[in-house]
Asks: 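My structure is below; once you've seen it, I'll send some questions.
Remember, it's a predicted structure, so these values are computed and weren't measured experimentally. No hydrogens, no waters, no symmetry mates; every other heavy atom, side chains included, goes into these values.
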Amino acid sequence: MTVRIRLRRAPATAVALVGLLIPLAACGGPADTAKSADADGLTHLKWGYALTDSAPILLGIQDGIFKKHGLAVEASEVSAADLVGGLISGSIDLSVQTGPGLALAVGQKVPIAAVSGVTTFEAGADKSTGSALLVDKDSAIKRPKDLEGKKVGVNLLKSASEFGVRQDVADDGGDAAKVEIVEIPFASAKDALAKGQIDAALVADPVLSQLLDSGAAKAPMGDPIQKVFGDSPRLVITASKPWAAKNPKVVGQVKAAVKESLEQAAAHPERLLPIYQKRYKMTPAIAEATKLNAFKADIDPNGFDVISEVLVRYGALSKPVDGADLMVAP
């Protein structure tokens, strides 16, 4: 059964294709690190997380949902490279990855796969994805095609942000190749727009809300990432394929625990605020402004089709990746 639960999304997430081009030869072979402890009867796992979309899973761990499903999970925030490298070396059992990041990794023959979905690119309960393409309040830009010949800022090049902007322009009848994409932090977008250094910027909350509330910027084009990638997997729980093959029972337990954690977070979204403050060092105000995309635990292999097509179109992949290859075998 598919779980579709809509909530609010995290601030710093123009989804990145990062941490994937790692020197695999330097990594050890995947270890079977899932072990049952006689003292508590639980299977102990190490999970490396990143991105605030992980907050509902952290809530589930805190609330004992994973223990209910026979798992004791040690969660630690890790670098982008370790999200993949840790799985390959066996230093962690599970991690997270973006849908585009997973497709890029598997397309490069990295042996990882999705165990469970977490979020999609769709808007959450408040009908916001927490990001949008902004222009200065006095800008004449009204539609994506108007970005031809213009300079657009994103927080990371060669990411879903860049590809989303380019495809949004193309879908509006414009020439995506004529858009200059530059890398600029969210916090610098206001000044860059005001000074005319860029013509538009893809910005996420809380900066997005601050700029719109101040009247310094407007968002006539909405969120290109949402428009382009829609219900495709945005954040997924990942494991190495050899590890998953050795631990099918644990994989099933993880899927069930993630699904229940999403349901818990949907029923009590206010309980995510302390998670944001503790795990992501947010102030109360920023935590309150943080938004999450739609929740979806089950993954349809066809959900990766759009991601794969866009990555091929803009040269990130040489050929499409089969969605079934991106998922742990049932």
Asks: Within the distance-only criterion (no hydrogens, no angle test), does the side chain of Glu148 pair as donor or acceptor with the backbone N or O of Lys178 below 3.5 angstrom?
Replies: no

Asks: Tell me whether Ser128 contacts the main-chain N or O of Gly124 through its side chain, where contact means a donor paired with an acceptor under 3.5 Å.
Replies: no

Asks: Could you go through the side-chain contact (heavy atoms from CB on, under 4.5 Å) check for Val236 and Thr119 one step at a time?
Replies: CA-CA 7 Å; Val236 295; Thr119 56; over 6 Å; no

Asks: Is there a chain of hydrophobic side chains (I, L, V, M, F, W, Y, each step under 4.5 Å between heavy atoms) that links Leu51 to Leu59?
Replies: yes

Asks: Do you know the tightest heavy-atom contact between Gly164 and Pro224?
Replies: O-CB, 3.6 Å

Asks: The test is side-chain contact (heavy atoms from CB on, under 4.5 Å); show your working for Tyr276 and Ile286 and say whether it passes.
Replies: CA-CA 9 Å; Tyr276 295 144; Ile286 291 177; over 6 Å; no

Asks: Indicate if Val310 and Leu102 have the same hydrophobic cluster label, given that clusters are the connected sets of ILVMFWY residues with side-chain heavy-atom separations under 4.5 angstrom.
Replies: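 Per the 4.5 Å side-chain linkage, Val310 and Leu102 are co-clustered.
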
Asks: Applying salt bridge (charged side-chain N to carboxylate O under 4.0 Å, His left out), run through Glu122 and Arg234 and close with a yes or a no.
Replies: CA-CA 9 Å; Glu122 298 169 291; Arg234 174 183 142 81; over 6 Å; no

Asks: Roughly how far apart are Gln253 CD and His69 NE2, rounded to 0.5 Å?
Replies: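 It comes to 9.0 Å.
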
Asks: Would you say Val182 and Val154 make side-chain contact, with heavy atoms under 4.5 Å?
Replies: no

Asks: Testing the basics here: between Leu42 and Ala72, what is the closest heavy-atom pair and its distance to 0.1 Å?
Replies: CD1-CB, 3.9 Å

Asks: So which atom in Val115 and which in Lys255 form the shortest heavy-atom distance, rounded to 0.1 Å?
Replies: O-CE, 3.1 Å

Asks: Rounded to the nearest 0.5 Å, what separation is found between the CD1 atom of Ile198 and the CD atom of Glu180?
Replies: 11.0 Å

Asks: Can we say Asp231 and Lys296 salt-bridge, meaning some charged N sits less than 4.0 Å from an Asp/Glu carboxylate O?
Replies: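 Lys296 and Asp231: not salt-bridged.
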
Asks: Going by the rule side chain to side chain contact (heavy atoms under 4.5 Å, CB included), which residues pair with Ser76 if we only count those two or more places apart in sequence or in a different chain?
Replies: Val78

Asks: Quick check: does any side chain N or O of Asp199 sit under 3.5 Å from a backbone N or O of Lys151, one acting as donor and the other as acceptor?
Replies: yes

Asks: Look at the side-chain heavy atoms of Ile, Leu, Val, Met, Phe, Trp and Tyr, link any pair under 4.5 Å apart, and say whether Ile225 and Leu317 land in one connected group.
Replies: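 Yes: a chain of side-chain contacts under 4.5 Å links Ile225 to Leu317.
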
Asks: Can you tell me how far apart NE2 (His44) and CD (Glu74) are? Round to the nearest 0.5 Å.
Replies: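 Answer for the NE2-CD pair, His44 versus Glu74, is 10.0 Å.
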
Asks: Please enumerate all residues that pass side chain to side chain contact (heavy atoms under 4.5 Å, CB included) together with Asp300, with sequence neighbours excluded.
Replies: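 Once residues adjacent in sequence are excluded, the partners of Asp300 under the side chain to side chain contact (heavy atoms under 4.5 Å, CB included) criterion are Asn302.
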
Asks: Decide yes or no on side-chain contact (heavy atoms from CB on, under 4.5 Å) for Val152 and Leu133, but give the supporting numbers first.
Replies: CA-CA 9 Å; Val152 179; Leu133 195 56; 3.9 Å; yes

Asks: Do the non-hydrogen side-chain atoms of Ile307 and Asp305 ever get within less than 4.5 Å of each other?
Replies: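 Answer no - side chains too far apart.
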
Asks: Please name all residues satisfying side chain to side chain contact (heavy atoms under 4.5 Å, CB included) with Ala329, sequence neighbours left out, ordered by chain then number.
Replies: none

Asks: Would you list the atom pairs, donor with acceptor, under 3.5 Å between side chains in residues 186-196 and any protein atom, with sequence neighbours excluded?
Replies:
none

Asks: Please assess Ile141 against Met221 for the test side-chain contact (heavy atoms from CB on, under 4.5 Å), listing each intermediate value before the final yes or no.
Replies: CA-CA 9 Å; Ile141 294 173; Met221 295 171 283; 3.8 Å; yes

Asks: If you compare all heavy atoms of Ser95 against all heavy atoms of Leu83, which two are closest, and at what distance to 0.1 Å?
Replies: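 Nearest heavy atoms, Ser95 then Leu83: OG-O, 2.7 Å.
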
Asks: So, do Ser318 and Val312 sit near enough that their side-chain heavy atoms are less than 4.5 Å apart?
Replies: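 Contact flag for Ser318/Val312 side chains = no.
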
Asks: To the nearest 0.5 angstrom, please state how far the CH2 atom of Trp47 sits from the OG1 atom of Thr238.
Replies: 10.0 Å

Asks: Could you tell me whether the side chain of Ile181 reaches within less than 4.5 Å of the side chain of Arg166, counting heavy atoms only?
Replies: yes

Asks: Is the closest side-chain heavy-atom distance between Ser54 and Leu235 below 4.5 Å?
Replies: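 Answer yes - side chains close enough.
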
Asks: Say whether Val228 and Val179 are linked into one hydrophobic cluster, either directly or through other cluster members, by side-chain heavy-atom distances under 4.5 angstrom.
Replies: yes

Asks: Taking the basic N atoms (NZ, or NE/NH1/NH2) and the acidic carboxylate oxygens, is any pair closer than 4.0 Å for Asp63 and Arg271?
Replies: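 Result for this pair is yes, salt bridge flagged.
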
Asks: How long is the straight-line distance from CG of Leu94 back to OG of Ser116, given to the nearest 0.5 Å?
Replies: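 Between atom OG of Ser116 and atom CG of Leu94 there are 10.0 Å.
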
Asks: Which heavy atom of Ala132 sits nearest to which heavy atom of Ala219, and what is that distance?
Replies: CB-CB, 4.1 Å

Asks: Report yes if the side chains of Asp53 and Val96 come closer than 4.5 Å at any heavy-atom pair, otherwise no.
Replies: no

Asks: Should Leu45 and Leu58 be counted in the same cluster of Ile, Leu, Val, Met, Phe, Trp and Tyr side chains packed under 4.5 Å apart?
Replies: yes

Asks: So, do Phe304 and Val321 sit near enough that their side-chain heavy atoms are less than 4.5 Å apart?
Replies: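 Side chain of Phe304 against side chain of Val321, heavy atoms only: no contact under 4.5 Å found.
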
Asks: Using the rule side chain to side chain contact (heavy atoms under 4.5 Å, CB included), only one of Val73, Val254, Leu71 pairs with Thr43; which is it?
Replies: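 Passing option: Leu71.
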
Asks: With the side chain counted from C-beta on, respond yes when Glu288 and Met282 share a heavy-atom pair under 4.5 Å apart, and no when they do not.
Replies: no

Asks: Return yes if some donor-acceptor pair links the side-chain N/O of Gln167 with the main-chain N/O of Phe163 below 3.5 Å, else return no.
Replies: no

Asks: Taking the basic N atoms (NZ, or NE/NH1/NH2) and the acidic carboxylate oxygens, is any pair closer than 4.0 Å for Lys227 and Asp168?
Replies: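 Here Lys227 pairs with Asp168 in a salt bridge, since their nearest N and O are under 4.0 Å apart.
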
Asks: Any sub-3.5 Å donor-acceptor pair from Asp172's side-chain atoms to Val169's backbone N or O?
Replies: no

Asks: When the side chains of residues 208-218 are checked against the rest of the protein, which donor-acceptor pairs come out under 3.5 Å, sequence neighbours left out?
Replies:
unit_1, atom_1, unit_2, atom_2, d
Ser209, OG, Asp205, OD1, 2.5
Ser214, OG, Gln210, O, 3.3
Ser214, OG, Leu211, O, 2.9
Ser214, OG, Ala216, N, 3.2
Lys218, NZ, Lys137, O, 3.4
Lys218, NZ, Ser139, O, 3.0

Asks: Roughly how far apart are Lys281 NZ and Arg279 CZ, rounded to 0.5 Å?
Replies: 9.0 Å

Asks: Nearest heavy-atom pair of Ala170 and Tyr314: which atoms, and what distance?
Replies: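 Shortest heavy-atom contact: CB-OH, 4.1 Å.
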
Asks: Sub-3.5 Å donor-acceptor pair from the side chain of Lys246 to the main-chain atoms of Lys241, do we have one?
Replies: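 Absent.
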
Asks: Test your reading of the model: is there a side-chain donor-acceptor pair from Glu183 to the backbone of Leu156, 3.5 Å cut-off?
Replies: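 No, the answer is negative, given that no donor and acceptor are paired below the 3.5 Å cut-off.
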
Asks: Return each pair, listed once, that meets ring-ring contact (aromatic ring centres under 6.0 Å, His included) where at least one residue sits in residues 188-239; pairs must be two or more places apart or across chains.
Replies: Phe121-Phe229

